[in-house]
Protein chains: 2
Amino acid sequence: MNRVQVRTKVWLEVDGEPLIGDGRERLLLAIERGGSLNAAAAELGISYRKAWSQLQQMEKHAPFALVERSKGGKGGGSTHLTSEAKELLQRFASVKFGLNEMVDEKFAAERPE
Amino acid sequence: MNRVQVRTKVWLEVDGEPLIGDGRERLLLAIERGGSLNAAAAELGISYRKAWSQLQQMEKHAPFALVERSKGGKGGGSTHLTSEAKELLQRFASVKFGLNEMVDEKFAAERPE
DNA sequence: TTACCGTTATGCGGAATTTGCATAACGCTT
DNA sequence: AAGCGTTATGCAAATTCCGCATAACGGTAA
């Protein structure tokens, strides 16, 4: 019974719809760093289309605005996180924090042999 | 920032491939109860095809046999769990146990206001 | 005023995955 | 030899995922 690993996944939901998980957390963080959705997608190595869709889904269910967007103009446009989005990231991070270690411990303790 | 719920998922992997999660746990338990894959599928309200595929995937990656199957004969055939599979179920259950509560606590503690 | 540029926004078709219908194979029982 | 209930699978339909192509936008520079 070796080579077996335990894995966990945590996410937040609103009305039963996914709001934020690991992938979307990465996206928001990259947006914060890069100041645009386009830059974020490039940094993450995913298509702009995919990043846009993910953000779309998040905003569809979030009870508050996550980003402020602008099109055209200087630099072509931009996307920035709202303060609520930053709070959400904080909260999500602290929920995740230490979870894997907790589960690993539990798993190791349960190990036969 | 209300109406937001935290959710978790736990599963075991071997070589990075999923071995057992909630759905497959249910399947194995139903097989144990019913003594056949067919009965298990009916109990769970899923198609036989789907149950069979899930079991197929599990066995593909499990480092030990999960079930003993027989075709034809009295009763048409049967599927029974091996003792290793029963151990696996035990182990998975105890890893899961209490996880949601743990996370809920963490989440509640992190709540602003 | 007009052409250009880098970004956001989105339609759409193809790829990949999931689902379930249909049917074969099996071996005991009668 | 026929029947029964199960396991085993091919295959097509349905669904979801992915990314190419292109439009829209508004500041900037000529």
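Here is how names work: the chains are called A, B, and so on, in the same order as the sequence lines, proteins then strands, and each is numbered from 1. The shown structure was predicted, so the numbers you read here are calculated from the model rather than taken from an experiment.
Residue B/Gln56 contributes atom CD, which lies 17 Å from atom C1' of C/dG20 at whole-angstrom precision. Between the CD atom of B/Gln57 and the C1' atom of D/dA8 there is a distance of 15 Å, rounded to whole Å. Rounded to whole Å, the distance from CG on B/Leu55 to C1' on D/dT6 is 14 Å. Whole-Å rounding puts the B/Asn38 CG to C/dC21 P distance at 14 Å.
Dashed line: the shortest gap from a side-chain N or O of A/Trp52 to OP1 or OP2 of C/dA9 is under 4.0 Å.
Here salt bridge (charged side-chain N to carboxylate O under 4.0 Å, His left out) pairs that include residues 63-76 of chain B, with residues two or more places apart or in two chains, are B/Glu59-B/Arg69. Applying the salt bridge (charged side-chain N to carboxylate O under 4.0 Å, His left out) definition to pairs two or more places apart or across chains, those involving residues 16-26 of chain A are A/Asp22-A/Lys96, A/Glu25-A/Lys96.
Within the 4.5 Å cutoff, the side chain of B/Gln90 has no heavy atoms near those of the B/Lys86 side chain.
Within residues 17-31 of chain A, no residue has a heavy atom under 4.0 Å from DNA chain D.
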For residues 28-40 of chain A, which side-chain N or O atoms pair as donor and acceptor with protein atoms under 3.5 Å away, sequence neighbours left out?
from    : atom 1 : to      : atom 2 : distance (Å)
A/Arg33 : NE     : A/Glu43 : OE2    : 3.2
A/Arg33 : NH2    : A/Glu43 : OE2    : 2.6
A/Ser36 : OG     : A/Asn38 : N      : 3.4
A/Ser36 : OG     : A/Ala39 : N      : 2.9

Dump the pairs, protein N or O against N or O of nucleotides 26-30 of chain C, anything under 3.5 Å, distances to one decimal.
from   : atom 1 : to      : atom 2 : distance (Å)
C/dC26 : O2     : B/Gly72 : N      : 3.1
C/dG27 : O4'    : B/Gly73 : N      : 3.2
C/dG27 : N3     : B/Gly73 : N      : 3.1
C/dC28 : O4'    : B/Lys74 : N      : 3.2

Please tabulate, one pair per line, each protein N/O and nucleotide N/O from nucleotides 17-19 of chain D that are separated by under 3.5 Å, including the distance.
none

